[in-house]
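Working notes, beginning with the structure itself.
Naming: A, B, ... by sequence-line order, numbering from 1 per chain.
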Protein chains: 4
Amino acid sequence: MSLRKKKSEIIKKEKRNLFIISALSVFEEKGFNNTRIKDITKRANTSVGNLYNYFKSKEEIFEVIISGIAELMISKFKELFVYFKDNKIPPIYAVKNLFRGYARIFKAKKETFLIFFEQMGGINTKYRAKRNKIIDNFTKEVEKIIIKLLEFGARPQNPKISARVWTSTVLGVFTWWIRSDFEPEEEELVNNLTAFLSRGTMTK
Amino acid sequence: MSLRKKKSEIIKKEKRNLFIISALSVFEEKGFNNTRIKDITKRANTSVGNLYNYFKSKEEIFEVIISGIAELMISKFKELFVYFKDNKIPPIYAVKNLFRGYARIFKAKKETFLIFFEQMGGINTKYRAKRNKIIDNFTKEVEKIIIKLLEFGARPQNPKISARVWTSTVLGVFTWWIRSDFEPEEEELVNNLTAFLSRGTMTK
Amino acid sequence: MSLRKKKSEIIKKEKRNLFIISALSVFEEKGFNNTRIKDITKRANTSVGNLYNYFKSKEEIFEVIISGIAELMISKFKELFVYFKDNKIPPIYAVKNLFRGYARIFKAKKETFLIFFEQMGGINTKYRAKRNKIIDNFTKEVEKIIIKLLEFGARPQNPKISARVWTSTVLGVFTWWIRSDFEPEEEELVNNLTAFLSRGTMTK
Amino acid sequence: MSLRKKKSEIIKKEKRNLFIISALSVFEEKGFNNTRIKDITKRANTSVGNLYNYFKSKEEIFEVIISGIAELMISKFKELFVYFKDNKIPPIYAVKNLFRGYARIFKAKKETFLIFFEQMGGINTKYRAKRNKIIDNFTKEVEKIIIKLLEFGARPQNPKISARVWTSTVLGVFTWWIRSDFEPEEEELVNNLTAFLSRGTMTK
DNA sequence: AATGAATGAGTGTTCATTCAT
DNA sequence: CATGAATGAACACTCATTCAT
């Protein structure tokens, strides 16, 4: 590819990103259904028609914004499973690391998570289903951990319910946290969550 | 008021109720934004125009459906405060009663809670704010309890965070429960939740 | 069906007809692609949205207008075939009757035929194909007659070509006739056409 | 003009031609209204903006394509008039020559004629009027011949109608011929047309 | 009260044309 | 000349609300 072409590719990608960022912020502010294409393009300092040079529809932008959130949510759990391989329970600092990871992710993707958790279910049935599926998949991962812990002697409990508690907590608490401008401090939040959920799950 | 008048009042109220029930079921199914007035009136076996004899707008029906949910959510907590008056910590069965109460409420108002928790934030900014306010108020009530418990020697913790965990759990878990057709059994759910949240909150 | 219902059915059908007539006249005047929905509804003295209570799209009105033209075009030929059954050639007055029939049809459906012959091919590929198919089917009917005549001793000729001459003539001449406000007189037109095409086809 | 300048002029004219050819083929395929500027430039292996260095609008390309068709259609008739000057009726081979000429013209300008006859009336009122004017002028030329033939003792007939039959036939039959990939053979087509129209027009 | 036709403002998307590079 | 991103007017269709019957 020529140098000129490579450059224009980059510019195009940047423009596309600008659209995504603009759309993200308007969606978060007004909600998908009450966002006008013009709102997005105005915020991106361009014209209505131009958006359609980068995306084929309003929904496509939304999809792009949401895509990746599923992987993002599951990603942090992988690290915990390492311990199980060595026949050990994840130590407390590993759990702390888990929640610290989520704090960072939610902070970095603030608007995306707000849209995902607060709005997505209300846009239409398709997105409601999608949202619930993502949450369910996340819960399944948690459940696997709970089941492992039970094998290691955790307090007897229905793993489905406990997993759902963890999921609800992570989503609910972190969404609240970003909504309230990252108050309380990250460290305090992480410590409290670790303590609460560990005690809820384990005997000791 | 004459007997005849009273009777017609009752009929009118019944008709109004029919509209509300119809709207509720369509809203839950299609979401507010994708519900057409005709969908509601068809389900109520009447005509589009007639709905406007009972409600002044589509939003008004929605408001009626949602109204009361705030009180409903706080209601169950009052009972716990009785113990604090006698300088006692609420015993485990009282907490269980609390959760059993919520199970019943969510079961009875299944559609309403699904709309409230999954959809309401996505309709428009006004309802997003309303939704978050209701959740915040609920959390404030929980926080009061946590603070009381701390006075009684509970494990040191940030009451705001713990309260948020309780809220997220109640909303998240019960919403999941009604979405999955009341599986697991109510008793098991209540027992597990009680155990999990008590241990998370208390030292013993 | 109740009397009231029957009445409203009739009114509805009349309204629908009004839309069709309005659309027909605007289409003929401006062409399908340059006709705005508002042009049609204005001519029907109603509002844009109301049109969609009767038709599901702009195309649907067009289809309704065009539908039936195929049958209409073939219809007149059936009468000629009667003679062949009795082993006779259609006499000259029968052919005259044929053309008189077309004169009447084109007169009655003036706008429809103008749209069909002058415009339909330019709307889009779908309608171009449809138009050509209708013309081809019409030609096939004519061809059957030519073949019959050949059996009866008509001048040797390629029936496909002769049929195409007949088709082109009927469509071209009658379209011109309605475009020029039915000048010349119907009788003269019919006589001349009969003479011309008979001589072109037959030996005698 | 310098040599260099002359050369670039030629290149420019070639590029312009390429655009015309590309446009012609897309117009024929998709129709004017459903052709996008991008379709044309893609087929010409160049960019959208570049087209506007050669033409000032989409309509202009269309005009260029259609221009000349009027002269082309009348051109062939001149030859017949030579005979009248010598007080002779055109012999049969002269008429054949006429039709052979049209066969060649339609073959050479296949797409243009298809657009002209099938589509042009449907693009907009302006082009419909133009199309009809060209057809009417063509008919006027034919009429002149018919009148001459009447002077020479042709079968009594309304020359306007006969002329319209000729026009319809030429346009209709040759358009069909190019649409069906030049089937039947040119010679057979020409012979049949000559026979048909001669007999229809003349006594003998 | 009940009906459903009528209203018309509102919105996503298209596309000929322009223009900076 | 060449490129293709940028522009924005235009349009089909939707749907909450009104209103005549």
Side-chain angles (χ1 to χ4, degrees), chain A residues 4-5 7-9 11-12 15-16 19 33-41 44-61, chain B residues 8 11-12 15-16 33-42 44-61, chain C residues 4-5 7-8 11-12 15-16 33-42 44-61, chain D residues 8 11-12 15-16 32-42 44-61:
Chain A
R4 170 190 286 271
K5 222 172 184 176
K7 208 173 168 186
S8 84
E9 285 286 282
I11 291 171
K12 193 159 183 186
K15 187 81 195 189
R16 200 179 138 93
F19 275 121
N33 280 310
N34 298 293
T35 292
R36 306 290 138 246
I37 295 296
K38 214 180 180 177
D39 296 334
I40 297 171
T41 54
N45 269 320
T46 186
S47 62
V48 168
N50 199 25
L51 183 142
Y52 290 87
N53 287 325
Y54 297 83
F55 304 90
K56 70 179 214 300
S57 68
K58 190 183 170 189
E59 272 214 36
E60 204 200 27
I61 312 187
Chain B
S8 85
I11 290 172
K12 189 165 181 179
K15 187 85 193 184
R16 201 177 137 94
N33 280 309
N34 297 294
T35 291
R36 309 290 146 246
I37 295 294
K38 213 181 179 177
D39 296 332
I40 298 170
T41 53
K42 206 179 274 176
N45 270 321
T46 183
S47 65
V48 168
N50 198 24
L51 183 143
Y52 288 87
N53 288 325
Y54 296 84
F55 303 90
K56 72 178 215 295
S57 71
K58 192 182 169 189
E59 280 218 340
E60 204 197 30
I61 312 187
Chain C
R4 171 190 285 270
K5 222 174 185 175
K7 205 172 172 188
S8 85
I11 290 172
K12 195 161 183 184
K15 189 80 193 189
R16 201 179 137 93
N33 281 309
N34 297 294
T35 292
R36 307 293 140 243
I37 295 296
K38 216 183 179 176
D39 296 333
I40 298 170
T41 53
K42 205 179 272 172
N45 270 321
T46 184
S47 63
V48 168
N50 198 25
L51 183 142
Y52 290 88
N53 287 327
Y54 296 83
F55 304 89
K56 70 178 217 298
S57 70
K58 191 183 167 187
E59 274 213 35
E60 204 198 28
I61 311 187
Chain D
S8 83
I11 292 171
K12 188 165 182 182
K15 187 83 193 185
R16 202 178 135 94
F32 180 86
N33 281 309
N34 295 294
T35 290
R36 308 291 146 245
I37 295 294
K38 213 180 181 178
D39 297 332
I40 298 171
T41 54
K42 205 180 271 173
N45 271 319
T46 185
S47 64
V48 168
N50 198 23
L51 184 142
Y52 288 86
N53 288 324
Y54 297 84
F55 303 90
K56 69 177 219 295
S57 71
K58 191 184 171 188
E59 280 218 338
E60 203 197 28
I61 313 187

Grab the [atom1]-[atom2] distance between [X] and [N] for me, whole Å please.
X	N	atom1	atom2	result
C:K12	E:dT3	NZ	C1'	12 Å
B:D39	F:dC15	CG	P	9 Å
A:R16	F:dA5	CZ	P	13 Å
A:I61	E:dT13	CD1	P	9 Å
D:I40	F:dA2	CD1	P	16 Å
D:K15	F:dA2	NZ	C1'	8 Å
C:I11	F:dA20	CD1	P	16 Å
A:E9	F:dG4	CD	P	11 Å

Item to complete: Enumerate the residues from residues 47-57 of chain C whose closest heavy atom to DNA chain E is under 4.0 Å, giving them by residue number; use none for an empty result.
Response: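 Result for residues 47-57 of chain C: C:S47, C:G49, C:N50, C:N53, C:Y54, sorted by number.
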Residues that [X] engages under side chain to side chain contact (heavy atoms under 4.5 Å, CB included), provided they are two or more places apart:
X	answer
C:S57	C:E59, C:E60
A:Y52	A:I37
D:N50	D:K15, D:F19, D:T46, D:S47, D:N53, D:Y54

Item to complete: Tell me which of C:R36 and D:T46 sits closer to the 5' end of DNA chain F, going by the nucleotide each one is nearest to.
Response: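 The residue closer to the strand's 5' end, by nearest nucleotide, is D:T46.
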Worksheet entry | Exercise: identify the closest heavy-atom pair between D:D39 and D:N34 |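 That would be OD2-O, 4.0 Å.
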Fill in: Closest non-hydrogen atom pair, A:T41 against A:V48
CG2-CA, 3.7 Å
Practice prompt. To the nearest 0.5 Å, tell me how far D:K38 NZ sits from D:T35 OG1.
Written response: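 It comes to 15.0 Å.
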Worksheet item: If you measure from NZ on A:K58 to CG on A:L51, what distance do you get to the nearest 0.5 Å?
Response: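 Here the interatomic distance stands at 11.0 Å.
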Fill in: Dot-bracket encoding per residue of DNA chain E, Watson-Crick/G-U cut-off under 3.5 Å, | denoting interstrand
.||||||||||||||||||||
Item to complete: Answer with base, sugar-phosphate or nothing: what part of the nucleic acid does B:T41 contact at a heavy-atom distance below 4.0 Å?
Response: nothing
Fill in: Comparing A:E59 and D:E59 on DNA chain E - which has the more 5′ nearest nucleotide
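Of the two residues, A:E59 wins.
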